[in-house]
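Order of the sequence lines fixes the chain letters, A, B, ..., with proteins taken first and strands second; residue numbering starts at 1 for each chain. Computed from heavy atoms alone, side chains included, the values below leave out hydrogens, waters and symmetry copies.
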There are 2 protein chains.
Amino acid sequence: MTASPPSRRKRDGSLRIALVDAGVALLRERGPDKLSLRECAAKAGVSHAAPGYHFKNITGLSTAIAARGFSLFCQAMEQRLATSAPDAAERLSAICQGYLDFATGHPDLFLFIFSGQKFREDDEEFAHYASRSYAILRETCALLIPEGTDPEEIEILVWSLVHGYAHLAMTRKKENPGLGRGWPDFSTLMGHLHKALQASG
Amino acid sequence: MTASPPSRRKRDGSLRIALVDAGVALLRERGPDKLSLRECAAKAGVSHAAPGYHFKNITGLSTAIAARGFSLFCQAMEQRLATSAPDAAERLSAICQGYLDFATGHPDLFLFIFSGQKFREDDEEFAHYASRSYAILRETCALLIPEGTDPEEIEILVWSLVHGYAHLAMTRKKENPGLGRGWPDFSTLMGHLHKALQASG
DNA sequence: ACGATCTGCTTGACACTGTCAAGTTACGCT
DNA sequence: AGCGTAACTTGACAGTGTCAAGCAGATCGT
């Protein structure tokens, strides 16, 4: 796996990246609770203690993987935003779609970053992408805040709805490769949400 | 811990219960990802392999703990329902309050049962309480379904909103003993939800 | 060109985990 | 009293995270 030339030493941090790659792959193959330093090492073709050098403990590796997760999460939302119509309602639909793209495309990673397990919040990369993901939501909501309403109220409303939908879909029965069998499409929920916002504004 | 008379053998399944108690306590003390068969055994005062007899593997113990979790979950909702005004909107508010009572009262257990880890779905107790918790939601929503709307659409709408709110509150930063600092109260979200339902009905 | 140094890894050890096989003990029954 | 079996205990093994020590290749000063 990741078979680079013989086994030269890297001063460029490429093993660090390879280990995160291995971790992401491991999550996908074995599930969100089966991460293991030693198996990441094996997958990357290095000795069992090599990860300990780059991430001093398993929390460090988990944090790096979560950072990768949040980065992909942001990417998914931005991708949908990039091809969205410019009006506020469409942009809101777009980030929600991106949200669900990420959840269905990387269910393991999605559950992992929202597992409630503690990461190293002081990690720069992690903090960057985690806060950026919320910033995207916030900016998109900004245009839809009814006069005289606390913006956070709407942000949390939207976020709760899409997050709850995605998270329930991922945790309920594993026989849903996409979203739950027979579940209403998110667009119908989005319709109700818009009605609520119109009624408020 | 749970110091019963000397160390007599029990034919009544009381060790099984003691082990689940120990597991629940362990989750609270050490976090949702730190469950251990051996430590549950120690906490219950039995040998390291005793849990293996009652739950054949750690998935078995996890399932029993999750069953306990869902049972408390149902209990929290029913308790709020019992003292609620009889009209549909109030009953809906009541189960949402119960939902949040459970999440804030047992954050570890809440994250555990919704961690996405797989349980033994064929376990009778687990299946009972898990499906019952959804049934409570369903029954409460039933009175609020607008004419000509798929009931599941409203159920998922409500469930997503309250679940997303609770789950985000639990996973975002651990310095929130209750719900996030400065977060809008759920009742405001509930207000928007009602507006949406009125606009639909 | 060459030795010193430092960085990136390896090796080895330890305490801990889940799981299984085999042994032991106490309870209920006849 | 004695037996059978349910409810454990004991012991072992492989796998885990973490740490200390060793070691070798890259880089630097000269």
Discussion item. For B:Met190, is there any backbone N or O sitting under 3.5 Å from a side-chain donor or acceptor partner on B:Ser187?
Written reply: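 No; judged by distance alone, with no hydrogens or angles, the pair does not exist.
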Fill in: Donor-acceptor under 3.5 Å (B:Ser160 side chain, B:Ile156 main chain)
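Pair found, side chain donor or acceptor close to backbone of B:Ile156.
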Worksheet item: Would you call A:Arg68 and A:Asp21 a salt bridge, taking side-chain N to carboxylate O under 4.0 Å as the test?
Response: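 Yes.
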Worksheet item: In terms of side-chain geometry, is the basic nitrogen of A:Arg132 or A:Glu78 positioned less than 4.0 Å from the acidic oxygen of its partner?
Response: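 Between A:Glu78 and A:Arg132 there is a salt bridge, with a charged N closer than 4.0 Å to a carboxylate O.
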Fill in: Check against ring pair (Phe, Tyr, Trp, His ring centres under 6.0 Å), A:Phe186 and A:Tyr99
CA-CA 11 Å; A:Phe186 186 74; A:Tyr99 208 110; 8.8 Å; no
Discussion item. Please report whether the ring centroid of B:Trp183 lies less than 6.0 Å from that of B:Tyr165.
Written reply: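 Under 6.0 Å, so yes.
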Worksheet item: Can the ring centroids of A:Phe110 and A:His106 be said to lie less than 6.0 angstrom from one another?
Response: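 No: the rings miss the under 6.0 Å criterion.
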Between the protein and nucleotides 5-7 of chain D, which nitrogen or oxygen pairs are less than 3.5 angstrom apart?
from: D:dA6; atom 1: O4'; to: B:Arg11; atom 2: NH2; distance (Å): 2.9
from: D:dA7; atom 1: OP2; to: B:Tyr53; atom 2: OH; distance (Å): 3.4
from: D:dA7; atom 1: N3; to: B:Arg9; atom 2: NH1; distance (Å): 2.8

List, with names and distances, any nitrogen or oxygen atoms from the protein found under 3.5 Å away from nitrogen or oxygen atoms belonging to nucleotides 15-19 of chain C.
from: C:dG18; atom 1: OP1; to: B:Leu37; atom 2: N; distance (Å): 2.6
from: C:dG18; atom 1: OP2; to: B:Leu37; atom 2: N; distance (Å): 3.2
from: C:dG18; atom 1: OP2; to: B:Arg38; atom 2: N; distance (Å): 3.0
from: C:dG18; atom 1: N7; to: B:Arg38; atom 2: NH1; distance (Å): 2.6
from: C:dG18; atom 1: O6; to: B:Arg38; atom 2: NH1; distance (Å): 2.8
from: C:dT19; atom 1: OP2; to: B:Ile58; atom 2: N; distance (Å): 2.7
from: C:dT19; atom 1: O4; to: B:Arg38; atom 2: NH1; distance (Å): 3.3

Practice prompt. Please report how far the helix from C:dA1-D:dT30 to C:dT30-D:dA1 bends, comparing the axis fitted to its first five pairs with the axis fitted to its last five, to the nearest 10 degrees.
Written response: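 Taking the rotation axis at each end, their angle is 10°.
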Discussion item. Please give me the minimum heavy-atom distance between B:Arg80 and B:Asp101, naming the atom from each residue.
Written reply: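 Looking at all heavy atoms of both residues, the closest pair is NE-OD2, 2.6 Å.
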Worksheet entry | Worked check of salt bridge (Lys or Arg N to Asp or Glu O under 4.0 Å) between A:Lys43 and A:Glu29 | CA-CA 12 Å; A:Lys43 236 179 171 49; A:Glu29 292 163 19; 3.0 Å; yes
Practice prompt. Check the distance between D:dT16's C1' and A:Asp33's CG and give it to me in whole angstrom.
Written response: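 Atom CG in A:Asp33 sits about 14 Å away from atom C1' in D:dT16.
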Fill in: Geometric class of the A:Phe70/A:Phe114 ring pair [parallel <30°, tilted 30-60°, perpendicular >60°]
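Rings of A:Phe114 and A:Phe70: perpendicular, as their planes differ by over 60°.
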